[in-house]
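Every chain is numbered from 1, with letters handed out A, B, ... down the list of sequences.
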2 protein chains.
Amino acid sequence: MRQSKNSTASTENSGAKSTRKTWQKEAVYNIFSAMRNHPTAEMVCDSVYRTYPTIGRATVYRILNSFVDSGKAIKVPVCDGADRFDITTYPHSHAKCRVCGNVFDIDADFDMPEVRDSCGFTVENVAVLYFGICC
Amino acid sequence: MRQSKNSTASTENSGAKSTRKTWQKEAVYNIFSAMRNHPTAEMVCDSVYRTYPTIGRATVYRILNSFVDSGKAIKVPVCDGADRFDITTYPHSHAKCRVCGNVFDIDADFDMPEVRDSCGFTVENVAVLYFGICC
DNA sequence: AACAAAATGAGATATAATATCAATAGTAAA
DNA sequence: TTTACTATTGATATTATATCTCATTTTGTT
């Protein structure tokens with residue numbers, strides 16, 4: 001995603017509410033929530049496309065971002081490549097294989113760094129990412 | 001992939017790839033290592049450009065990546081925007097402000113999740129990233 | 001049905017990073 | 001020093017990622 005200078009998210013238009021039901025939102029949610037491989041936006045596009053060839057790419061991107069904004073999904077930072085989207089929102093961490101590039105869920109069996117306030121930084125969320133080899 | 005087929009039998013740098021000294025590598029290292037704000041590759045480019053206007057953009061990208069490969073720097077995953085490069089390689093974590101976009105070092109005063117082997121995944125490294133607001 | 005606003009979709013634009021490849025330049029051998 | 005070899009560079013093209021623009025369509029409401 002491009003970095004915007006002074007706004008947090010493009011979908012957050014002051015007071016704008018995405019309340020209207022559309023078949024596009026339904027389609028993206030149904031297909032994305034069935035994917036358990038932390039897909040990129042493009043991967044979701046491809047899947048949605050197979051069933052709904054008329055849907056626009058920008059629409060899929062917009063809808064995925066709206067899921068993140070509304071807490072229905074999270075973005076996983078993976079350092080390289082496209083953003084990953086994760087339908088699993090409970091606290092857990094991720095592992096990325098540097099060979100195959102796949103991203104896996106990792107149960108947070110260690111003490112998950114807790115959200116804290118220090119150094120004048122107000123923490124809202126934390127992401128833990130392991131790098132290594134899966135195979 | 002390239003093998004030194006006709007080099008003398010005893011090379012001190014066995015397997016070393018980027019061995020030749022160039023003023024470009026010197027320039028990028030000197031300027032990058034003085035930047036303490038987790039710059040993107042573009043930010044390094046801009047800085048290097050001011051002193052060495054003839055250096056190529058691709059060269060800066062290549063050299064920065066070689067620093068990461070050789071362990072002289074790390075890439076910081078920030079979920080949004082361009083990759084960040086960090087000259088500080090000792091174990092610590094990072095915080096990213098969702099308002100100003102800046103990235104800060106955070107001392108790992110909690111128990112840093114340790115590198116482990118679980119679920120068949122061989123962990124080589126771990127990154128902890130806080131999201132929040134700095135101001 | 002008619003209306004206003006939200007949402008979409010096609011394409012343009014912005015941004016990020018690597019690939020290509022001829023020319024250059026570092027290093028060792030002669 | 002000169003030569004030979006090839007790693008490295010740099011201009012440009014290409015690929016990848018993601019958002020923006022805006023005319024058109026659709027939704028929810030009256």
Could you state the CG-P distance from L64(A) to dA7(C), rounded to the nearest angstrom?
16 Å

Side-chain donor/acceptor of R57(A) to base of dG11(C), under 3.5 Å
no

Heavy atoms under 4.0 Å, any strand shown: does T59(A) hit a base, just sugar-phosphate, or nothing?
base

Euclidean distance, atom OH of residue Y52(A) to atom P of dT8(C) [Å, nearest integer]
14 Å

Begin with the C-alpha distance, continue with both residues' side-chain angles, and end with the deciding distance and a verdict on side chain to side chain donor-acceptor pair (under 3.5 Å) for E42(B) and Y61(B).
CA-CA 8 Å; E42(B) 282 301 310; Y61(B) 273 83; 2.8 Å; yes

Whole-Å gap separating C1' (dT29(D)) and NZ (K21(A))
16 Å

Using a cut-off of 4.0 Å on non-hydrogen atoms, how would the nucleic acid contact of A82(A) be classed: base, sugar-phosphate, or nothing?
sugar-phosphate

Name the nucleic acid region contacted by T40(A), choosing base, sugar-phosphate or nothing; use a 4.0 angstrom heavy-atom cut-off, strictly under.
nothing

May I ask you to verify if any side-chain N or O of T22(B) is less than 4.0 angstrom from the OP1 or OP2 atom of dT9(D)?
yes

Measure the distance from CD on E26(B) to P on dT9(D) and round it to the nearest whole Å.
12 Å

Rounded to whole Å, CD1 of I55(A) lies from C1' of dT25(D) at a distance of 14 Å

If you measure from CZ on R36(A) to CZ on F104(A), what distance do you get to the nearest 0.5 Å?
15.5 Å

Whole angstrom is fine here: how far is it from CZ in R62(A) over to C1' in dT17(D)?
16 Å

Mind checking I63(B) for me? I need base, sugar-phosphate or nothing, with any heavy atom below 4.0 Å counting as a touch.
sugar-phosphate

So does V76(B) get a backbone contact from the side chain of R84(B), meaning a donor-acceptor N/O pair under 3.5 Å?
no

Value in whole Å for how far the C1' atom of dT19(D) lies from CG of D69(A)
14 Å

Ignoring backbone atoms, test whether Q24(A) places a side-chain nitrogen or oxygen under 4.0 Å from the OP1 or OP2 oxygen of dG9(C).
yes

Have D86(B) and H92(B) got a donor and an acceptor in their side chains that come within less than 3.5 Å?
yes

Side-chain N or O of N65(A) less than 4.0 angstrom from OP1 or OP2 on dT19(D)?
yes

Side-chain N or O of K25(B) closer than 4.0 Å to phosphate OP1/OP2 of dT8(D)
yes

OP1 or OP2 of dA17(C) versus the side-chain N and O atoms of Y61(B): is any pair under 4.0 Å?
yes

Out of dT18(C), dA17(C), dT17(D), whichever nucleotide has its closest atom nearest the side chain of D83(B):
dA17(C)

Validate the cation-pi geometry between R57(B) and Y49(B): distance from NZ or CZ to the six-membered ring centre under 6.0 Å, angle to the ring axis within 45°.
yes

Write down the distance between CD (E42(A)) and C1' (dA16(C)), rounded to a whole number of angstrom.
15 Å

Does a distance-only test, which skips hydrogens and angles, find a donor-acceptor pair under 3.5 Å between the side chain of R20(B) and the base of dT6(D)?
yes

